[in-house]
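Following: one structure in structure tokens, then a few remarks.
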Amino acid sequence: MKVIDVILDGVVNGVKSLYGFETEPGQVTWNLTRKDFEGDYTIVVFPYTKVARKKPEDIGRELGDFLLGEIPAVARFNVVNGFLNLVISDRFWVDFIQEVYADDHFGRQPSNGKKVLVEFCSPNTNKPLHLGHIRNILLGWSSYKILQAAGYEVVRIQIINDRGIAICKSMLAWQKYAGGATPGSTGKKGDHFVGEYYVLFEKQFQEEYKAWQQSEKGIGILADKKKPEQTAEEFFKAYKNQYFNEFSALGAQAKDLLRRWEAGDPDTIALWKQMNGWVYEGFEQTYAALGVAFDKLYYESETYLLGKDMVQKGLDANVFYRKEDGSVWADLEDAGLDKKAILRSDGTSLYVTQDLGTAHQRYLDHGADKMIYVVADEQNYHFQVLFELIKRLGEPYAGGLFHLSYGMVDLTTGKMKSREGTVVDADDLIAEVIADARESSRERERTANLTAEEQEDIIRNIGLSALKFYITKVHPKKRMTFDPKESVDLQGQTGPYIQNAFVRIRSVIRNAPAFPADACREYAELNPEEKDLVNAVYSFPGLILEAAENYDPSTIANFCYSLAKSFHKFYHDHSILNADTEAAKSFRLVLSTVVSKVLKTGMDLLGIDMPEYM
RNA sequence: GGCUCCGUAGCUUAACUGGAUAGAGCACCUGACUACGGAUCAGGAGGUUGCAGGUUCGAAUCCUGCCGGAGUCACCA
């Protein structure tokens, strides 16, 4: 049982015996004591002024005396206004740190027997990954790590959007303009190679569209359909999709490819497989660079027809209804949503239909208690609808669905738009942060005696930690602004700052002669810097559970930074190896080791590795 | 226009779910070890938490109304 729980029980007993007031531990307001005051835990006593009919200060003193008598771990207390600050005994902390020192799994919970699916990344196969995918991947990956540490069995899922008109555009452009070129023949990374043909298609299409706008037909349509308040430019921008579908030669050819794909035409399927294969090779390289992997891949080409039986089930249960034209709908207006189409009048599936089908399929495949979808917040409405539908269908997994919705990534120069070429490419970004780490590393020459290969590993490690920490430290829900300059910062509130704390500890330990860990039992009086560290370590397991419950890696990131900062200060203020007494030296070595373990575990939850040297 | 989310120092952000003097980093200024790794530490300056009310012992946090921004409202995905 944690001390705080013991204290809260004590408070409950205290108010009862002192004032005859019945409450429960969950009702007691408490905090970690703020830095400016002496103490570890603070009980807020304002809530008891009414029942006790006394001044907050008096209640604080009476309750403090009561707890002092009841709980051995409480060494002393002080009262400021309505705040009762409790000081936990040094003996307690020293014992605790020794326990953690011997515990190889500190912070990680044993299995809770539950299974959770985490879907993240979900790329399209017509272009390379970009900054938005990186945020998605990092959130998905750290959620996986955190849930695992909290005791869940986690299945990492990626759904690959490998079919549809977009990839057909790339295929068409490749057929028309590539002259048989391949990633191998050009030395290009597969996903970038295919992406170039997608861009090329868009470019050719734009030219075709521009020319058409000047044609008799185009001028006629403009005159016919333009609204008075529109400029010609605005009109044509809005008309683009319709042009693509009705008049464009390139559009017709791309749609013809899609039709042939759906009909199973062997040549088309072969080309589609080949181009997607190139893309997958490229993606794999990016995933490997980021250090992430998946357990199970779902391909849209294999799942896009799913969901029809769910529609039937909904109709049978009167959750859905069929209109005269044959289309199927659900009325969600009483849930604050709209009337939503589930099936087209021609009987084909929609986005929600597919998602209903894949959710069901995943449940059949894995039988999970929870399913997490890591998807950007522009799809909030879609997931509200999806989850509401699943609930109304009475599916057994309806209660375990969660949309881990994250804000879009803005650039300091504005929003990312693929059409305007303002997308930050994932591979470019990774290369850039590593190049920057290399530059800094050269100036420092700390790793000069390592092999070139070891040095390169460390440099990659540092660059990636800068990038990963920069992104994961921001609360997922928050729209974030990405500043390329800051993302490669290696000083201050950054990944490398935390790595540096770890590397320092490892270095000190390497320099330490063998020491008896038991000697720290004699250590009687912790200084404030040591208490900061001890308190942080103590809160770590609870923090992981909280992060898992809230699906929020940023709390872990901020914890790691705060712990590293406390260590740097401790290190600066106190000598470890030249401590005054053997007991102090022993305790500080044990404490430092514990801090290094917590930092390593914490950063691992964010997908960041800790180097021995840097 | 309806619905949802957001607004904290010049910039990027935190605040344990209503608690004490709103905490960091970057940038700017000033300092620190002939010691265990200076990718460090300390100090200074920088805030009416978008605005106005309300709820109470107590509000960045909850409620109401404005202002500003984003997303979304397809038989697209």
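All chains are named by letter (A, B, ...) in the order of the sequence lines, taking the proteins before the strands, and each is independently numbered beginning at 1. It should be emphasised that the depicted structure is a prediction, and the values quoted were computed from it without experimental measurement.
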Ring centroid separation A:Phe201 to A:Tyr198 under 6.0 Å: no

Separation between the P atoms of B:U64 and B:U55, rounded to whole Å: 15 Å

side-chain hydrogen bond (donor to acceptor under 3.5 Å, both in side chains) assessment of A:Asn136 paired with A:Tyr406: CA-CA 8 Å; A:Asn136 185 307; A:Tyr406 63 90; 3.1 Å; yes

Syn or anti conformation of B:U17, syn meaning chi within 90° of 0: syn

Note: A:Lys531-A:Asp40 ion pair, threshold 4.0 Å (strictly below): yes

Interatomic distance, A:Ile342 CD1 vs B:A74 P [rounded to whole Å]: 14 Å

Rounded P spacing from B:A9 to B:G47 in Å: 10 Å

Taking N or O atoms only and anything under 3.5 Å, show me the protein contacts with nucleotides 61-63 of chain B, one pair per line.
none

Whole-angstrom distance between B:C16 and B:A20, as gauged at atom C1': 15 Å

Where protein sits on nucleotides 32-37 of chain B, one letter per nucleotide: B base, S sugar-phosphate only, - none, heavy atoms under 4.0 Å: ----BB

Touch class at under 4.0 angstrom, heavy-atom based, for A:Leu337 against every strand present: nothing

From A:Asp552, A:Val374, A:Ile134, residue fulfilling side chain to side chain contact (heavy atoms under 4.5 Å, CB included) relative to A:Leu139: A:Val374

Which atom pairs link the protein and nucleotides 17-21 of chain B when you take only N or O atoms and keep those under 3.5 Å?
residue: B:U17; atom: O4; partner: A:Asn550; partner atom: ND2; Å: 3.2
residue: B:A20; atom: OP2; partner: A:Arg34; partner atom: NH1; Å: 2.9
residue: B:A20; atom: N6; partner: A:Thr42; partner atom: OG1; Å: 2.8
residue: B:A20; atom: N6; partner: A:Asn85; partner atom: OD1; Å: 3.0
residue: B:A20; atom: N1; partner: A:Asn85; partner atom: OD1; Å: 3.3

Short side-chain N/O contact from A:Arg344 to OP1 or OP2 of B:A77, under 4.0 Å: yes

Sugar-phosphate, base or nothing in reach of A:His475, heavy atoms under 4.0 Å: sugar-phosphate

Member of A:Thr29, A:Asn85, A:Asn31 meeting the side chain to side chain donor-acceptor pair (under 3.5 Å) criterion with A:Thr42: A:Asn85

A:Glu529 CD to B:U40 C1', straight-line distance once rounded to whole Å: 15 Å

d(NZ, A:Lys323; C1', B:A74) in whole Å: 12 Å

Watson-Crick or G-U pairs under 3.5 Å in RNA chain B, rendered as dot-bracket with [ ] for crossing pairs and | for another strand: (((((((..((((.....[...)))).(((((.......))))).....(((((..]....))))))))))))....

Rounded interatomic separation in angstrom, taking NE2 from A:His382 and C1' from B:C3: 17 Å

Rounded interatomic separation in angstrom, taking NZ from A:Lys478 and P from B:U49: 16 Å

Within 45° cone of A:Tyr538 ring axis and under 6.0 Å: A:Lys2 NZ or CZ: yes

Sugar-phosphate, base or nothing in reach of A:Tyr497, heavy atoms under 4.0 Å: sugar-phosphate

Nearest-angstrom distance, C1' atom, B:G25 to B:C41: 15 Å

Counterpart residues, salt bridge (charged side-chain N to carboxylate O under 4.0 Å, His left out), relative to A:Asp457 (two or more places apart): none

Pairwise C1' distance, B:C11 and B:C51 [rounded to whole Å]: 23 Å

5′-ward residue of the pair A:Tyr381/A:Lys339 relative to RNA chain B: A:Tyr381

Distance in angstrom units between A:His403 NE2 and B:C5 P, rounded: 14 Å

All N/O contacts under 3.5 Å from nucleotides 25-27 of chain B to the protein, with atom names and distances to one decimal?
residue: B:G25; atom: OP1; partner: A:Lys565; partner atom: NZ; Å: 3.3
residue: B:G25; atom: O2'; partner: A:Gln493; partner atom: N; Å: 3.2

Nearest-neighbour nucleotide for the A:Leu350 side chain, B:A39, B:G71, B:C75 considered: B:C75

Sugar-phosphate, base or nothing in reach of A:Lys477, heavy atoms under 4.0 Å: sugar-phosphate

Touch class at under 4.0 angstrom, heavy-atom based, for A:Thr481 against every strand present: sugar-phosphate

Centroid-centroid distance, A:Tyr243 to A:Phe205, less than 6.0 Å: yes

Separation between the P atoms of B:G53 and B:U13, rounded to whole Å: 30 Å

Distance-only donor-acceptor check, side chains A:Tyr321 and A:Asp331, under 3.5 Å: no

Minimum-distance pair of heavy atoms, taken over all atoms of A:Gln455 and A:Thr447: NE2-O, 3.3 Å

Whole-Å gap separating P (B:U72) and OH (A:Tyr351): 12 Å

Distance under 6.0 Å and angle within 45° of ring axis: A:Arg506 vs A:Tyr613: no

Centroid-centroid distance, A:Phe387 to A:His403, less than 6.0 Å: no

Donor-acceptor side-chain pairing of A:Asp489 and A:Thr494 below 3.5 angstrom: no

Interatomic distance at P, B:U49 relative to B:A60, whole Å: 7 Å

Toward the 5' end of RNA chain B, by each residue's nearest nucleotide, A:Ser440 or A:Ala341: A:Ser440

Residue pair A:Asp162 / A:Thr125, side-chain donor-acceptor N/O under 3.5 Å: no

Donor-acceptor contact present, side-chain A:Arg588 to main-chain A:Leu577, <3.5 Å: no

Centroid separation A:Tyr497 to A:Phe469 less than 6.0 Å: no

Nucleotide B:U72, atom P - distance to CD of A:Glu388 in whole Å: 21 Å

Ring-face cation contact, A:Trp329 with A:Lys340, 6.0 Å cut, 45° max: no

Integer angstrom distance from the P of B:G38 to that of B:G46: 32 Å

Pair A:Asp573 + A:Lys569: basic N to acidic O under 4.0 Å: yes

Exercise: do A:Asn527 and A:Glu530 side chains pair donor with acceptor under 3.5 Å: yes

